[in-house]
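Single-structure report; data block below.
Note that this is a predicted model, so its numbers are computed, not measured. Computation of the quantities below employed the complete heavy-atom set of this structure, encompassing side-chain atoms and omitting hydrogens, waters and symmetry-equivalent molecules.
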Amino acid sequence: MSTFGTLFRVTTYGESHCASVGAIIDGCPPGLPLDAKDVQIQLSRRRPGQSNLTTPRDEKDLVQLQSGIEHGITLGTPIGLLVKNEDQRPRDYSETDLYPRPSHADWTYLEKYGVKASSGGGRSSARETVGRVAAGAIAEKYLKLAYGVEIVAFVSSVGKIRLPSTVSPPSQVPSEDDDTVEDALSPEFVNLLKTITREEVDKQPTRCPHAETAERMTKRIIRAKDAQDSIGGTVTCVIRNVPLGLGEPVFDKLEAKLAHAMLSIPATKAFEIGSGFRGTEVPGSKHNDAFVRKDDGSVGTKTNWSGGIQGGISNGEDIYFRIGFKSPATISQAQETAQYDGTAVPIVEAMASIVIMDHVLMQHARKASSALLPAITTLPPTMVKPAAVN
């Protein structure tokens with residue numbers, strides 16, 4: 001389907017070369033200060049054609065807000081927005097009428113629907129993500145104003161070139177009784193997750209915040225382009241200041257919804273959160289995140305192998321995860337190469353914003369309903385959250 005979310009619902013529309021692409025956002029709270037500039041910032045970051053590393057398609061992506069806002073304030077009614085496609089080229093890929101392009105969605109769309117768009121990737125094109133990024137910008141503004149939530153994504157690898165982050169695997173074959181383990185993340189990378197900003201990310205065309213690694217990534221991408229080939233990569237995302245208690249057991253766990261959102265982005269093939277696959281190599285005694293009392297008196301964890309989520313519910317620590325993007329399938333010319341200039345970064349941020357926003361509204365609804373009931377006095381203390389101590 002083309003709709004995502006439960007209470008904060010986003011429906012996108014449009015194909016790669018139709019008249020416009022856009023979205024309807026339903027469930028945005030009333031009273032949010034919002035204008036086109038709030039949305040345009042992220043759309044401009046998503047826009048390809050900003051360096052020699054990316055697709056030749058150059059869209060201005062100017063957003064037009066159609067409904068749900070008056071005098072710069074949201075009304076609580078559906079917000080409609082659209083972005084016109086300046087680069088309209090019906091049948092621009094007419095050779096695909098004769099045979100399916102390898103690893104594209106031509107064949108599967110034709111088999112599913114019996115018809116397909118005559119040009120580009122249709123709904124499977126990265127062009128569809130314009131509506132997501134616009135909706136994500138709206139969710140993000142609410143989260144920032146209400147909770148101070150910060151969401152930053154960055155390119156962490158291109159091909160085999162990786163941002164110095166995780167502990168390097170041992171060169172020798174480990175024995176079956178070797179439980180030696182280091183932290184899942186290096187201290188430098190932990191600090192990066194706590195401090196990284198979008199301004200730092202955007203300094204590099206590849207959107208890798210490590211200058212030396214970014215330069216190597218650029219060379220690797222140019223080498224692929226010169227060979228009329230492509231290369232994939234990974235994007236890491238961190239969400240800071242997340243409210244506690246987000247996530248709906250058991251099938252709508254927060255990490256499950258994040259995985260759903262991220263794997264719906266074109267060209268994604270992998271998702272891991274917290275320690276990820278490395279967590280399978282670590283004994284529980286070393287993987288467990290011990291609870292500690294923090295300086296401000298709140299309860300938190302000493303480490304964060306869990307990635308900010310336990311039992312499918314946010315625990316107040318930073319949420320961090322990584323998404324794998326396959327090498328773009330169009331290799332005769334760069335077309336949907338989100339990895340090349342970090343275009344995937346704002347798309348990842350947008351989907352993260354939408355997921356967190358949706359769960360915030362669900363938790364608000366639960367708390368508001370519960371607050372109308374009498375105080376609980378009949379359960380043992382171990383079953384009830386202690387009252388706040390002044």
Inset, instruction - State, without any angle test, whether T343 and R207 hold a side-chain donor-acceptor pair at a distance under 3.5 Å. - result: no

Inset, instruction - Give a yes or no on whether L254 and L244 share a hydrophobic cluster (residues Ile, Leu, Val, Met, Phe, Trp, Tyr; joining criterion: side-chain heavy atoms under 4.5 Å apart). - result: no

Expected list for residues 71-80: side-chain donor-acceptor pairs under 3.5 angstrom, two or more places apart:
residue: T74; atom: OG1; partner: P29; partner atom: O; Å: 2.8
residue: T74; atom: OG1; partner: G31; partner atom: N; Å: 3.3
residue: T74; atom: OG1; partner: L32; partner atom: N; Å: 2.9

Inset, instruction - Determine whether the aromatic ring centres of F154 and H210 lie less than 6.0 Å apart. - result: no

Legend entry - Separation between CD of Q204 and OG1 of T218, rounded to the nearest 0.5 Å: 7.0 Å

Legend entry - From NE2 (H359) to CG (D252), nearest 0.5 Å: 6.0 Å

Inset, instruction - Flag this pair as yes if the NZ/CZ of K194 is under 6.0 angstrom from the six-membered ring centre of Y320 and inside a 45 degree cone about the axis; otherwise no. - result: no

Legend entry - Non-neighbouring partners of E272 that pass salt bridge (Lys or Arg N to Asp or Glu O under 4.0 Å), sequence neighbours left out: R322

Inset, instruction - Taking atom types as modelled, find out whether T236 and S156 have a side-chain donor-acceptor pair closer than 3.5 angstrom. - result: yes

Legend entry - Expected output: side-chain E349 to main-chain A153 donor-acceptor under 3.5 Å: yes

Inset, instruction - Please indicate whether D296 has more than 12 foreign heavy atoms, meaning atoms of other residues, nucleotides or ligands, lying under 6.0 Å from its CG. - result: yes

Inset, instruction - Drop me the distance from T12's OG1 to F4's CZ, to the nearest 0.5 angstrom. - result: 11.5 Å

Inset, instruction - Report yes or no: do L145 and Y147 belong to one cluster of Ile/Leu/Val/Met/Phe/Trp/Tyr joined by side chain heavy-atom distances under 4.5 Å? - result: yes

Inset, instruction - Supply the atom-to-atom distance K116 NZ to W107 CH2, rounded to the nearest 0.5 angstrom. - result: 11.5 Å

Legend entry - Interatomic spacing from CG in D318 to CG in L193 - rounded to 0.5 Å: 7.0 Å

Inset, instruction - Enumerate the residue pairs fulfilling salt bridge (Lys or Arg N to Asp or Glu O under 4.0 Å) with a member in residues 233-250, sequence neighbours excluded, ordered by first and then second residue. - result: E150-R240, E248-R366

Inset, instruction - May I ask whether L7 and L34 are part of the same hydrophobic cluster, defined by side-chain heavy atoms of I, L, V, M, F, W, Y residues being less than 4.5 angstrom apart, directly or through others? - result: yes

Legend entry - Single hit among D289, N288, N315, T301 for side chain to side chain donor-acceptor pair (under 3.5 Å) with S306: D289

Inset, instruction - For E215, enumerate each residue passing the salt bridge (Lys or Arg N to Asp or Glu O under 4.0 Å) test, keeping only those at least two apart in sequence or located in another chain. - result: K219

Legend entry - Result of checking R45, R46, R47 against D61 for salt bridge (charged side-chain N to carboxylate O under 4.0 Å, His left out): R46

Legend entry - Donor + acceptor pair across side chains of Y142, S353 (<3.5 Å): no

Legend entry - Connected via hydrophobic side-chain network under 4.5 Å: L246 and V299: no

Legend entry - Gap between atom CD1 of I196 and atom SG of C237 - 0.5 Å precision: 11.5 Å

Legend entry - Candidate pair R198 and Q42, rule side-chain contact (heavy atoms from CB on, under 4.5 Å), full reasoning: CA-CA 11 Å; R198 289 181 182 175; Q42 283 295 82; 3.4 Å; yes

Distance-only donor-acceptor hits, side chain of residues 367-387, under 3.5 Å, sequence neighbours excluded:
residue: S369; atom: OG; partner: A365; partner atom: O; Å: 2.9

Legend entry - side chain to side chain donor-acceptor pair (under 3.5 Å) between S230 and S327, intermediate numbers included: CA-CA 6 Å; S230 64; S327 301; 4.6 Å; no

Legend entry - Set of side-chain contact (heavy atoms from CB on, under 4.5 Å) partners for A259, sequence neighbours left out: F271

